[in-house]
Asks: 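My structure is below; once you've seen it, I'll send some questions.
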Amino acid sequence: MYDTDVLIIGGGISGLSTAWWLNRAGLSVNVWESGKCPGGKIKSRRQDGYLTEQAAALVMNFRPEVAQLVQESGLEAAKTARSAEAEAHRYLLHDGQLTAMPMRLGRMVSSPLWSWRAKLRLLTEPFILPGGSEDETVSDFICRRLGREVLEKAMEPFVAGTLAADPDLANAAATLPRLTALERRYGSLTAGVLVSRVLRRKRACITDTFSFHGGMSTLVDTLSRTPGVCLATSHTVNEIAPQQHGWRVTATTHDGQRSLRARKLVLTVPAGCAARLVNPLDAELAEQLMGIRYAPKTVVHLGMDRTVVGHPLDGTGFLVPRRENQPMTGNLWMSTLFSGRAPKGKVLLTAYLGGARAPATVDWDDGRIIDAALAMLRPVLRLKGSEPEMVRIDRHREAMPLYHGAYQARMQAIDARLARLPGVHLVASYRGGVSVRDRITSGYTAAQRIAAELGSALPMTAVYSSHIGLKLEEGVTI
Ligand SMILES: Cc1cc2nc3c(=O)[nH]c(=O)nc-3n(C[C@H](O)[C@H](O)[C@H](O)COP(=O)(O)OP(=O)(O)OC[C@H]3O[C@@H](n4cnc5c(N)ncnc54)[C@H](O)[C@@H]3O)c2cc1C
């Protein structure tokens, strides 16, 4: 006898979205979360009229599963789109100055960012034969296809800024799956981009960048209230034990120990925590999970009067290449991106420090962190005089898992060991991508597999299933 079909351990976006999909398949689902409230890393906070994000600030979506979840969970009306002004530019710091990043291949060639040598190198890309190994790093892949200057000026800051990773160590196929797939499928990135653009136009596939009026917490709060999903907070799971055809899970709660029997388990907790839970069952699986490293990140939110900022803030923000020797990896102009992030006449700038590039920053005291952020922003954004009127700092010691080293081999080893623990599933940001989009999509894939194992199915509405069919057939989009 079982208490539930599926018990999900961890109530971040991975756990909550997996629960949402499983519920749609008609299965009984429990989510046990150790924190006082659900959402994991995602948390929006209001402070002095500003709306800040502790982790994910936005969803950049091109996946039909995400569109379906947002629409069918009733979140469509709560969405807020990226402003037209933010769409105008994405900047890169280049020799201490902000330079607009060319977003199209044609503009890349005319951009002042690149030397003539780099531009000529770019033009040779379609003629370079496909190559590379399973363990090729991002740096090797980009140098091989686009040249070192593109790596140093564009790809390194992208990988450091959005994934907290080091391109010299990051696995290319895992870190840039769509880009590497273009090479595999079309032989060159240029050809792949052109074909994808035509396909995308034909199939009306668009990228939707959005958040919610109340911030990203709206997403996790809504999912946590899904009727039929039984969420328990302040439940720290400390033991999972096999039973005939299922699992017995024990957690520490405010009222002491609590146990529950489930037919299937989904572990959405960080790798180290998953390792501790599976260690008594399979030490080798635990060892593989233990080997997954995380990068720390520090987020600094600065609220200030619009008049203090000399720059027009006409874009999403900027990324900072390693060659600029700064602990900051990027800066999002949140009040340009979305309405309602700052009081009238004020702006909200969110700076990201650390990652694999400068992990020690997470241990800096508040004063040092603020000084470092302002020292970088003052000349670049032409800040005048006074100090920010609102400051908030969010530290993440395990911000993002690093897809470094022999990542594919590690994932294969994990899958092989998991096969010995039937009914245990790992749905977490160390596999399948760290973004909210990837987390929701991974939740869908896992729910589909679990539903099939339990003789159920995940119903899709016609419009979404045809959309997904196209995407799978198409394989890559950019
Ligand atoms: C600074 C920063 C900025 C980011 N920006 C973006 C962005 O703009 N866009 C984007 O798409 N993504 C962004 N991300 C990535 C994204 O926010 C995360 O990858 C995602 O939220 C991770 O969700 P998760 O559910 O996998 O993990 P978590 O959110 O870590 O959830 C895991 C949950 O498990 C719980 N748990 C742990 N141990 C136990 C236990 N023993 N028992 C029960 N529960 C347990 C934890 O309390 C936690 O709630 C950002 C991340 C960071 C850190």
Side-chain angles (χ1 to χ4, degrees), residues 7-19 30-44 52-63 66 82 161-165 209-211 215-217 219-220 223-224 231-240 249-253 258 260 265-278 294-301 316-317 329-330 332 334 337-338 350-355 362 393-401 403 426-443 446:
L7 174 65
I8 296 174
I9 305 174
I13 185 63
S14 294
L16 295 171
S17 56
T18 307
N30 285 61
V31 181
W32 280 6
E33 160 59 42
S34 59
K36 285 198 188 102
C37 56
K41 292 191 175 61
I42 295 176
K43 188 150 193 64
S44 318
T52 66
E53 299 290 359
Q54 174 181 281
L58 50 86
V59 184
M60 193 178 279
N61 184 40
F62 49 82
R63 296 291 311 191
V66 178
R82 179 174 57 174
T162 61
L163 303 170
T209 302
F210 63 88
S211 177
M216 292 294 291
S217 277
L219 172 64
V220 285
L223 294 180
S224 71
L231 168 78
T233 52
S234 302
H235 276 52
T236 303
V237 173
N238 45 37
E239 191 187 353
I240 59 181
V249 177
T250 306
T252 305
T253 74
R258 183 181 165 197
L260 191 123
L265 286 188
V266 183
L267 275 64
T268 71
V269 295
C273 177
R276 282 188 290 281
L277 290 176
V278 301
Y294 283 72
K297 227 171 193 196
T298 305
V299 190
V300 192
H301 311 275
T316 300
T329 55
L332 278 183
M334 289 304 293
L337 263 164
F338 302 114
T350 298
Y352 300 88
L353 275 70
V362 78
I393 298 176
D394 292 309
R395 287 181 177 80
H396 300 267
R397 291 200 174 271
E398 289 197 334
M400 290 182 189
Y403 292 27
L426 301 178
V427 182
S429 56
Y430 53 82
R431 36 200 274 143
V434 301
S435 70
V436 171
R437 174 197 65 238
D438 291 338
R439 299 293 76 241
I440 294 173
T441 310
S442 297

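Ligands are counted one by one from 1 in listed order, and the atoms in each one are counted from 1 as well. Reckoned from all heavy atoms, side chains included, excluding hydrogens, waters and symmetry mates.
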Asks: Counting from 1, what ligand 1 atoms have a heavy atom of G10 closer than 4.0 Å?
Replies: 33 (C), 34 (O), 35 (C), 44 (N)
Asks: Measure the CG-CG distance between N238 and L277 for me, rounded to the nearest 0.5 Å.
Replies: 8.0 Å
Asks: Looking only at protein heavy atoms, which one is nearest to atom 31 (O) of ligand 1, and how far off is it?
Replies: G12 CA, 3.6 Å
Asks: Work out which heavy atom in K41 is nearest to a heavy atom in E398; give both atom names and the distance.
Replies: CE-O, 3.1 Å
Asks: Out of all atoms in ligand 1, which are within 4.0 Å of some heavy atom of W32? Include the element for each.
Replies: 43 (C), 44 (N)
Asks: Show which atoms of ligand 1 fall inside a sub-4.0 Å distance from at least one heavy-atom site of I42.
Replies: 21 (O)
Asks: What part of H235, side chain, backbone, both or neither, has a heavy atom within less than 4.0 angstrom of ligand 1?
Replies: backbone
Asks: Between S14 and V427, what is the shortest heavy-atom contact and its length?
Replies: CB-O, 3.5 Å
Asks: Suppose we measure from atom 38 (N) of ligand 1 to each protein heavy atom; which comes out shortest, and what is that distance?
Replies: C273 SG, 3.4 Å
Asks: Could you tell me, atom by atom, which parts of ligand 1 come under 4.0 Å of a heavy atom of I9?
Replies: 42 (N), 43 (C)
Asks: Please work out whether any backbone atom (N, CA, C, O) or any side-chain heavy atom from C-beta onward of V299 is under 4.0 Å from ligand 1, and answer side chain, backbone, both or neither.
Replies: side chain
Asks: Using a strict cut-off of 4.0 Å, indicate which atoms of ligand 1 neighbour a heavy atom of V436.
Replies: 10 (C), 11 (O), 12 (N)
Asks: Just to be sure I'm reading this right: ignoring hydrogens, which of A399, A56, G443, P401 gets closest to atom 12 (N) of ligand 1? Compare them by their nearest heavy atoms.
Replies: A56
Asks: Which atoms of ligand 1 are found less than 4.0 Å from any heavy atom of T236?
Replies: 41 (N), 42 (N)
Asks: Restricting to non-hydrogen atoms, name the atom on R397 and the atom on V362 that form the minimum distance, rounded to 0.1 Å.
Replies: NH1-CG1, 3.5 Å
Asks: Return the closest protein heavy atom for atom 32 (C) of ligand 1 as residue, atom name and distance.
Replies: T268 O, 3.7 Å
Asks: Starting from atom 44 (N) of ligand 1, locate the nearest protein heavy atom and write down its residue, its atom name and how far away it is, to 0.1 Å.
Replies: S34 N, 3.1 Å
Asks: Go through ligand 1 atom by atom and flag the ones less than 4.0 Å from a non-hydrogen atom of G40.
Replies: 29 (O), 31 (O), 48 (C), 49 (O)
Asks: Report the C-alpha distance between T253 and W32 in whole Å, list the side-chain angles of each, state the deciding distance to 0.1 Å, and finish with yes or no for side-chain contact (heavy atoms from CB on, under 4.5 Å).
Replies: CA-CA 10 Å; T253 74; W32 280 6; over 6 Å; no
Asks: I'd like to check which ligand 1 atoms, numbered from 1 as shown, lie under 4.0 Å from a non-hydrogen atom of R439.
Replies: 26 (O)
Asks: To check you understand the geometry: which heavy-atom pair defines the closest contact between D438 and G433, and what is its length?
Replies: OD2-CA, 3.5 Å
Asks: Determine, step by step, whether T52 and Q54 satisfy the side-chain contact (heavy atoms from CB on, under 4.5 Å) criterion, reporting the C-alpha distance in whole Å, the side-chain angles of both residues, the deciding distance to 0.1 Å, and the verdict.
Replies: CA-CA 7 Å; T52 66; Q54 174 181 281; over 6 Å; no
Asks: Where is the tightest heavy-atom contact between T268 and I8, given as atom of each residue plus distance?
Replies: CG2-CG2, 3.9 Å
Asks: Just to confirm my output: which protein heavy-atom neighbour is closest to atom 22 (C) of ligand 1, and how far is it?
Replies: I13 CG2, 4.2 Å
Asks: Using a 4.0 Å heavy-atom cut-off, which part of L16 comes near ligand 1: side chain, backbone, both, or neither?
Replies: neither
Asks: Return the minimal non-hydrogen interatomic distance between G10 and V31, and the atom names on each side.
Replies: O-CG1, 3.7 Å
Asks: What is the nearest protein non-hydrogen atom to atom 16 (C) of ligand 1, stated with its residue, atom name and distance?
Replies: V434 O, 3.6 Å
Asks: Nearest heavy atom to atom 4 (C) of ligand 1 wins, so pick from A55, S234, G35.
Replies: A55
Asks: State if V59 counts as touching ligand 1 under the rule of any non-hydrogen atom under 4.0 Å.
Replies: no
Asks: Among all protein heavy atoms, pick the one closest to atom 35 (C) of ligand 1 and tell me residue, atom and distance.
Replies: E33 OE1, 3.3 Å
Asks: Specify the protein heavy atom at minimum distance from atom 26 (O) of ligand 1: its residue, its atom name, and the distance to 0.1 Å.
Replies: S14 OG, 2.6 Å
Asks: Going by the closest heavy atom to atom 39 (C) of ligand 1, which one wins out of N238, V269, V427?
Replies: V269
Asks: Looking at CD of E53 and CG of D394, how far apart are the two atoms once the value is rounded to the nearest 0.5 Å?
Replies: 9.5 Å
Asks: Of the choices K41, K43, K36, M400, which has the non-hydrogen atom that lies closest to atom 14 (N) of ligand 1?
Replies: M400
Asks: What residues, two or more places apart in sequence or in another chain, satisfy side-chain contact (heavy atoms from CB on, under 4.5 Å) together with A271?
Replies: I292, Y294, Y430
